[in-house]
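Notes for the one structure printed next.
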Amino acid sequence: MNGVNDFAFKIGTVNGTGSASANGLLMRSIFRMGIPVTGKNLFPSNIQGLPTWYEIRVNADGHLARAAEIDMAVALNPATYAKDVAEIRPDGYLLYDSSWPLPQALNREDITILGVPFGRLCVEAFTGDRERTLLRNIVYTGALAALIGIDMEVIDSLLNETFGKKPKLLDANHKAIRIGYDAAVELLDCPLPFRLEPMDATSDSILIDGNTAAALGALYAGATVGAWYPITPSTSLMEAFTAFCHKYRVDEETGERKFAILQAEDELAAAGITIGAGWAGARAFTNTSGPGISLMQEFLGLAYYADIPSVFFNIQRCGPSTGMPTRTQQPDILSMAYASHGDTKHPILFPADPGEAFEMAVQAFDLADQLQTPIFVASDLDIGMNDWMVKRLTWDDSYTPNRGKVLTAEDLEKIERFSRYRDVDGDGVAARTLPGVGGKGAYFVRGSGHDQHADYTEDSAAYCELVDRLRRKFSHAATLVPEPLVLTQEGAEIGLVTIGGCDLAVREAQALLREQGILVDVMRIKAFPFQEEVKEFIESHETSYVIEQNRDGQLRSLLMIELGIPKDSMIPILDYGGMPLTARVVVEAVAGAPAGVPA
Amino acid sequence: MNGVNDFAFKIGTVNGTGSASANGLLMRSIFRMGIPVTGKNLFPSNIQGLPTWYEIRVNADGHLARAAEIDMAVALNPATYAKDVAEIRPDGYLLYDSSWPLPQALNREDITILGVPFGRLCVEAFTGDRERTLLRNIVYTGALAALIGIDMEVIDSLLNETFGKKPKLLDANHKAIRIGYDAAVELLDCPLPFRLEPMDATSDSILIDGNTAAALGALYAGATVGAWYPITPSTSLMEAFTAFCHKYRVDEETGERKFAILQAEDELAAAGITIGAGWAGARAFTNTSGPGISLMQEFLGLAYYADIPSVFFNIQRCGPSTGMPTRTQQPDILSMAYASHGDTKHPILFPADPGEAFEMAVQAFDLADQLQTPIFVASDLDIGMNDWMVKRLTWDDSYTPNRGKVLTAEDLEKIERFSRYRDVDGDGVAARTLPGVGGKGAYFVRGSGHDQHADYTEDSAAYCELVDRLRRKFSHAATLVPEPLVLTQEGAEIGLVTIGGCDLAVREAQALLREQGILVDVMRIKAFPFQEEVKEFIESHETSYVIEQNRDGQLRSLLMIELGIPKDSMIPILDYGGMPLTARVVVEAVAGAPAGVPA
Amino acid sequence: MTSIAKPVVAHPRLKTNALGLTLRDYEGGMSTLCAGCGHDSVTAAIVQATWELGIEPHRAAKMSGIGCSSKTTAYFLKQSHGFNSVHGRMPSVSSGAAAANRGLSVIGISGDGDSLSIGLGQLSHAIRRNVNMIYILENNGVYGLTKGQFSASADIGSKLKKGEVNEQPPIDPVLLALSVGATFVGRSFSGDKRQLVPIIKAAISHRGLALVDVISPCVTFNNHEGSTKSYKYTRDHDVEAVEADYIPVCEPIEITGLSNGSSNGNGHATNGHADGRPANGDGDLRVVQLHDGGTVRLRSTDPSYDPTDRANAYQHISGCQSRGEIATGLLFVDESSRSMHDVLKTTSTPLVDLGHEDLCPGSAALEKLMGRFC
Amino acid sequence: MTSIAKPVVAHPRLKTNALGLTLRDYEGGMSTLCAGCGHDSVTAAIVQATWELGIEPHRAAKMSGIGCSSKTTAYFLKQSHGFNSVHGRMPSVSSGAAAANRGLSVIGISGDGDSLSIGLGQLSHAIRRNVNMIYILENNGVYGLTKGQFSASADIGSKLKKGEVNEQPPIDPVLLALSVGATFVGRSFSGDKRQLVPIIKAAISHRGLALVDVISPCVTFNNHEGSTKSYKYTRDHDVEAVEADYIPVCEPIEITGLSNGSSNGNGHATNGHADGRPANGDGDLRVVQLHDGGTVRLRSTDPSYDPTDRANAYQHISGCQSRGEIATGLLFVDESSRSMHDVLKTTSTPLVDLGHEDLCPGSAALEKLMGRFC
Ligand SMILES: Cc1ncc(C[n+]2csc(CCOP(=O)(O)OP(=O)(O)O)c2C)c(N)n1
Ligand SMILES: Cc1ncc(C[n+]2csc(CCOP(=O)(O)OP(=O)(O)O)c2C)c(N)n1
Ligand code: SF4
Ligand code: SF4
Ligand SMILES: [Mg+2]
Ligand SMILES: [Mg+2]
């Protein structure tokens, strides 16, 4: 890092003081300059008054995982000065508010310390506490613009877009930006050695968070019933879905709505609503996070055993228990895969970024209908809530939902007896009917023992027949879920296996290791159940690493159980402190091996 | 089978008609004759009017797993005639009610059909529908007594014990028994070739069900708070605990009770009460079954992450979902081991019979206190609800509860700062204090991120330190839980690995295989986490089978994950139709291998 | 075999309803409940009510949780889809089904354990949400299917077979429902078809959630009010010790006669005569003998009773309660309240019937939307 | 850092209570709630009440679920054990703690989301069980911690920052509690220390579960009654677009003055003057201005109010409700009812203090018992 279009900086503020908008403005300006950029918001599980950070990474090559090194810290929260300054790389930079003398806690010998009196400038230029607090964020944005070379025209036009209809506000923001910019130019050596230069690398891309993208996927897949209970970091998924439905699904004349979104009383109810709606024939989903996954276990078993389509978005956060609700992890892999008591297995899709969150949301609804079972989409806080740079989302208008095997009244007329759970095709999926269909279509769904006719049974053979069919169905699922993404290099003997949001860091590690002369192949698993080729990839490498974000190596466990891959042939790289993965963690583990192999 | 003191018979009746007491009388009479005996009650998930069966097996060698072969069926329920008669082994016997002509459904060429007109005899001897219905059960018991040679004196004395205080009733029962006995002697060739002869093999034994035994364990371990929600087959555990507490823990003078049993509104609440009481310092437990395990997931994660002692009895039944509530299985192994979202691991004890249910109940409370974590006792319907012949339960009065590390007010005075989660001893277990203790003892327990001082944190390092300690604690647990039971034979190259209630069938299989010249060693795992010796056992055998009662081989999965034993080195033998395991299943799989190896 | 198929026999002379269907068409599988169980009488009332209303069987959805009561959905409307879900969670599953397809007539059946213990939260929130459904609570004061533990509606002083006495106050679903905003609340007795059938009909016709609490005795486990007495049958025969698993065959309890019977279609009792009528709106008092020899005292509403005043309803019910009586009849109705679909403003076409083109904004809209993310 | 340690400074001149402890000894860590949050005022009232009562700090157990409200247990009684459990499940954890150690003074704190959505069942059943504890419900009509979705106590017509309007009727915890058998119900306003402190004291002294509903405005998300108005601050400054993450620093709302203040120790307002007193027992009406410019109308009980009559209480509360007022004061108390420990007949020694010899019947008893199994 540290150069033109290749650096990272981190802004430390206090939550509830309005810095989020300023951070967004920074990100977006860089993006508009055509330069690949990413931002990670590190916020506390509270509403006001506690430390919060925003990390921005710029990388011309498109390596947009979380940066391993901070080139510059912008320290605006006295409570975290010590921590913030400690994170700056050697020879890095610190920007602080020099309205007061340099605090002892910020002093460090091996860095360059830059001061701009943000507070004083605001006091001079604006009136009222509220305005001063708010605009201080814009002032530091202006200073940063000067320091790293953000195009002021880009900023101006973003401000115009945002505040176009509020002239007073627009003026204040323009003024604040300019004050910060001018002060930096006047007081400091601008720009810094690491700085921006316009590129053209973002024109086919967007900045979007995974929850918004997943909500769009649900919208486009034709989901009509959404049930949820608020929980960080999954809340914004249903909020976005709600907003999109209001935008696209309300009859202009009558005001009638083509959707039903139910804020349930808890996660059990949210799951129940989803399953009830799925049974009734709607594309239905719920979104939740860790504690919700625990609370939904009973219903997941019902839907599994009674073959009910339903989609569960799990925006994973740091567990166990309430854990760290505003920190990211991939800790629920086993809880999802084998959710509920009894013998159960559930398909899971693992998007790696918001673009895939969109795609996989759509796939999830198709799979749920095709497989008549709950489908998980396992995102995480980092994907779900942070803005990622991804390819523009597109839609193929020839898409029609794959509703799987559903018998209509006419279909029913042609058959002698409708047996809800009879596996006619040998793929483990039996045709269903929807409530409301007449004729022979009625059946009685239940979570208790039932035979292929959906009749109650306590008979061993009938019970086994049914659960054996479900096992067959799960094997069949492996042929329908997306295949892993494999990135090979000629001559590589090391394989890196990973999942979901670790993707960018692992790919960056692949590149960095290559620079060190270490060739590695990468396989990112996109779904559970695994295909045989997952096994082949691992077996075909002398050494394989499994990189994931949980303490217990849950993906690795699943690979052992489901594919029979020996534990020892997969070296775990586990990063579970709650931060998005950096390439450095992977590089150090691989390049440092065997000494660096964790237990 | 089929000989003196070696046979099995099965009685098919209708539930709600009073046959349970008659079946108990049969079992107990045989037991009193000094002959090893076991009974399996196969009942429907309803209250009245549906088929129910009782299987009694007699075996002089003490092989008391469920019998693979039925020597005689007693068919008293027309609804199941066809099924009942089909289950009789070739050349076996059928006993039916010959008040009416032999029903077509009961006819079979290759068996001996014995008729006694139970119905008519009752009509002649007794008045009123109710009395006739009830006493018909005693009449068939009398006939069986004659047929298989039960000592009538034993029966008489059992009747005297039961009805001693109710002379009218006693007379009616004596009369009924005699009627049945005399009719059989008169009409049939008594006794049959397979029959009873008195032995002296039961004098140090009792007939007891696992739920009663576990309740006794909880009583003796000093549990004071029990919380539960009714669910088959776990209900009778708390009912027995309640009865024992009323017997032993009520102050005779004041009527004050030294226990608190709370029937909660659901399983979530039952878990919450248990955890609240455990935190407050009581030995507290709850008992449940499959659906309850799913509903308790969130609380289990809290107790894991916040180090709260608590005991969870899971009387497993056939899943998934509501499944078959009156059928047995071992289907919740993974749900228990990794219960709750996030990275979690929970110790489990696996009793193999009611005797161990008693012992392990006591151990569970000690382990919960020593490890400050939820401990599962994983029994099942077969162990929990059926009467098993086990050694008399004994108690060592020198037992004192191991309460683990608890700091008193005096202890606290000696230390400078109390840090709830500081791992002083390196075993992952930190000392706790109980609410009510004064001085420095107060701390704030929570399921959100906390550091070693129990203070809230969102810091990666502090978080990792805590969850790493929990991992350490889990390793430590392996040194405290009971070791596997290993039964070796010189020269055996095959290993049979099993768990819980499969024990008897696997041991019987060991003996039967030996008769076929196949030597096998047996290891029954008693607890999770596994000790290294479990791995050694499997590795030291050329072929190992893992025998368990679920569809997905969950124990085998756990062995892969936790010990790194390769999947292919363990051949699964899975029996999951809901019936107790028979030795035949094991023998056929092992002797028939490799052709018989399941996928 | 919770449900056994009944022989289908054509009965040419059976009366038909507006759809040309006979009562038989509204029946289900054979019941496997205990002989004499109150729930079977409720089943019969549902069959009657849905037949009289001329509900199209395939448009009904039968929803339930777990329990003896929850099994009863298998015993009526065999041509309807049924969903026997998990314990205490019928309300949420029903909410989802109702949301997805507003064309369905959602008939929910539950028990007092299912609804007032594990399911109390879901019941309350379905009421608050005013889900478009009828919710029949077959209330027997015990957990029947798990063999007779007290439920949250067990009366103080009632006694289990094993002798345990309940000392916790009961939760009255009707008072609970009123306090969380129910828009339709009725109560009746399982054996009182004349009162129950019209209440069910009114409830099915209600726009929103209609709660019908039905006192439905468990012949096997509930010793009910007769708590201080031992079981009548037991007393008569003195054979406890062999009857661990003996359940006598009983006749279902039926209330006949006019006194709190024939109704004005709202479930109001019509011909009350002055029999200790202590408060406004109180109609007949019927004392019903239960199988165990105990009794329940049922007080129906009289024609002067105003079921549209919530506070009044609350007072009437608690007034009865304080006299050891159970208020029955159509107790409260608010037809002006908005149902779930009203609040959600759901389109009149059931959501399940919308085509993908109605739901998907298409590629152009997406392309346009992307501008927001640059 | 939800809780930050406060500097411990000796204040020699601070008043002490019967135990010789100062108010400071009843405080906790520094609050991390939003400036002006009603919950902080409740914390102050708890500190005051427990100090005045002279609760031994180490004998108190502070229980909570999840939410801003549930965090407040960290801000008082730092010398007490605290248990911040999981969302909506405080009641069961408290039940267990109370059962295990009856020597503890169990202080439960919850929010409206925690208690009336996910926790409604547990709250209701803890009430029914009459667990020995005080249950303070910090009621703000929103989910504060998850950033302002409606809770089940949101008023019809109240509006979220994003513009969404609530159309579902609210659940009133006080009415709910009465209908499931509560034995102590009080209500007050977070900023009304004079009414709140005595209610909390009375509640802590109650034998059984004492529910105290405290209207405790969320300055950040709840637009409350002022739903149709935009935020006062926003109106004044017109800067919505940059304030996605801006939360103004507010002063806590405090009600001072005598009118519904100084109380007779039961939380009854004492010096009500005739200010539109429409029904028996209605005392003063106070109109309190909220941060957003909206108002709440609080009606306290007057000395003639009889808090021992459940039906009357129900009527008083719903009467106020129908006038758009919130009934406050000690609304219902039944001191004759039996608490959980009374019903359980638990021995007076806390269970946790019993020795093993008190609990274990010993080998001889077991040997004897084995006879039953032969
Ligand atoms: C989660 C869960 N817990 C417990 C049970 C066991 N169970 C089955 S039915 C039932 C009680 C039913 O009582 P109620 O709803 O009153 O129905 P009734 O049988 O009395 O008609 C219980 C506790 C279960 N099926 N699921
Ligand atoms: C099982 C579970 N679901 C959801 C959440 C997310 N959550 C945290 S606090 C909260 C709502 C809190 O609302 P309330 O109890 O009213 O407290 P307030 O913040 O308003 O004081 C929710 C939904 C959670 N922690 N656990
Ligand atoms: S146990 Fe009770 S509720 Fe269940 S079927 Fe029998 S009588 Fe009915
Ligand atoms: S968000 Fe609302 S409830 Fe939470 S601390 Fe802030 S003001 Fe209080
Ligand atoms: Mg019931
Ligand atoms: Mg709230």
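Each chain gets a letter, A, B and so on, in the order its sequence line appears, and its residues count up from 1.
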> Thinking salt bridges, do A:Arg66 and A:Asp382 make one under a 4.0 Å N-O criterion?
Replying inline: no

>> Looking at chain A, which one of B:Gly577, B:Gly447, B:Pro331 has the largest number of heavy-atom pairs inside 4.5 Å, strictly under?
In response: B:Gly447

> Measuring heavy-atom distances to chain B, does A:Gln554 have an atom under 4.5 Å in its side chain, in its backbone, in both, or in neither?
Replying inline: side chain

> Is it the side chain or the backbone of A:Phe43 that comes within 4.5 Å of chain B heavy atoms, both, or neither?
Replying inline: backbone

>> Would you say the rings of B:Tyr305 and B:Tyr421 are close, in the sense that their centroids are separated by under 6.0 Å?
In response: no

>> So which residue, B:Ala339, B:Pro325, B:Cys318, ends up with the most heavy-atom pairs under 4.5 Å with chain A?
In response: B:Cys318

>> Under 4.5 Å from any heavy atom of chain A, what part of B:Leu559 do you find: side chain, backbone, both or neither?
In response: neither

> For chain B, which of A:Leu563, A:Asp468, A:Leu558, A:Leu470 has the most heavy-atom pairs under 4.5 Å?
Replying inline: A:Asp468

> Does any non-hydrogen side-chain atom of A:Pro44 lie less than 4.5 Å from one of A:Asn15?
Replying inline: yes

> What is the distance from atom CG of B:Leu295 to atom OG1 of B:Thr288, rounded to the nearest 0.5 Å?
Replying inline: 7.5 Å

> Atom OG1 in B:Thr286, atom CZ in B:Phe313: separation rounded to 0.5 Å?
Replying inline: 10.0 Å

> B:Gly319, B:Ser321, B:Ser448: which one forms the most heavy-atom pairs within less than 4.5 Å of chain A?
Replying inline: B:Ser321

>> Using heavy-atom distances under 4.5 Å, tell me whether A:Asp568 contacts chain B through its side chain, its backbone, both, or neither.
In response: neither

> CE/A:Met570 to CE/A:Met560 distance, rounded to the nearest 0.5 angstrom?
Replying inline: 4.5 Å

>> Quick check on A:Ser335 against chain B: is it the side chain, the backbone, both or neither that has a heavy atom closer than 4.5 Å?
In response: side chain

>> Suppose we screen for ring pair (Phe, Tyr, Trp, His ring centres under 6.0 Å). Which residues come up paired with B:Tyr338, at least two apart in sequence or across chains?
In response: none

> With a 4.5 angstrom heavy-atom cut-off, which part of A:Arg327 approaches chain B: side chain, backbone, both or neither?
Replying inline: side chain

> With a 4.5 angstrom heavy-atom cut-off, which part of A:Leu302 approaches chain B: side chain, backbone, both or neither?
Replying inline: both

> Got a sec, which residues hit ring pair (Phe, Tyr, Trp, His ring centres under 6.0 Å) with A:Phe312, two or more places apart in sequence or on another chain?
Replying inline: A:Phe376

>> For the interface with chain B, which of A:Leu334, A:Val467, A:Thr326 has the highest count of heavy-atom pairs at distances below 4.5 Å?
In response: A:Val467

> So which part of A:Ser569 gets closer than 4.5 Å to some heavy atom of chain B, the side chain, the backbone, both or neither?
Replying inline: neither

> Run the side chain to side chain donor-acceptor pair (under 3.5 Å) check on B:Gln549 and B:Asp575 step by step: do they pass?
Replying inline: CA-CA 5 Å; B:Gln549 291 202 288; B:Asp575 182 69; 3.0 Å; yes

> Would you say the side chains of B:Tyr304 and B:Asp343 form a donor-acceptor pair under 3.5 Å?
Replying inline: no

> What distance do A:Ser294 atom OG and B:Met296 atom CE have between them, rounded to the nearest 0.5 Å?
Replying inline: 13.5 Å

> What part of A:Asn314 lies closer than 4.5 angstrom to a heavy atom of chain B: side chain, backbone, both or neither?
Replying inline: neither

> Highest number of heavy-atom pairs under 4.5 Å with chain A: which of B:Ala462, B:Gly301, B:Pro566, B:Gly290?
Replying inline: B:Gly290

> Between B:Ser340, B:Pro291, B:Gly449, which residue shows the highest count of heavy-atom pairs closer than 4.5 Å to chain A?
Replying inline: B:Pro291

> Could you go step by step and tell me if B:Trp53 and B:Asn77 meet the side chain to side chain donor-acceptor pair (under 3.5 Å) rule?
Replying inline: CA-CA 10 Å; B:Trp53 295 271; B:Asn77 177 7; over 6 Å; no

>> Return the OG1 to CE distance between B:Thr328 and B:Met385, rounded to the nearest 0.5 Å.
In response: 10.5 Å

> Relative to chain B, which segment of A:Leu300 carries a heavy atom at a distance below 4.5 Å: side chain, backbone, both, or neither?
Replying inline: neither

>> Just so I understand: if I count every heavy-atom pair under 4.5 Å between each of A:Ile565, A:Asp552, A:Asp332 and chain B, which residue has the most?
In response: A:Asp552

>> Need one label for A:Tyr576: side chain, backbone, both or neither, based on atoms under 4.5 Å from any heavy atom in chain B.
In response: both

> Does any heavy atom of chain B fall under 4.5 Å from the side chain of A:Glu562, the backbone, both, or neither of them?
Replying inline: backbone

> Of all of B:Ala461, B:Ser460, B:Gly553, which one pairs up most often with chain A through heavy atoms under 4.5 Å apart?
Replying inline: B:Ser460

>> Which one wins on heavy-atom pair count under 4.5 Å against chain B: A:Met324, A:Glu298, A:His450, A:Arg551?
In response: A:Arg551

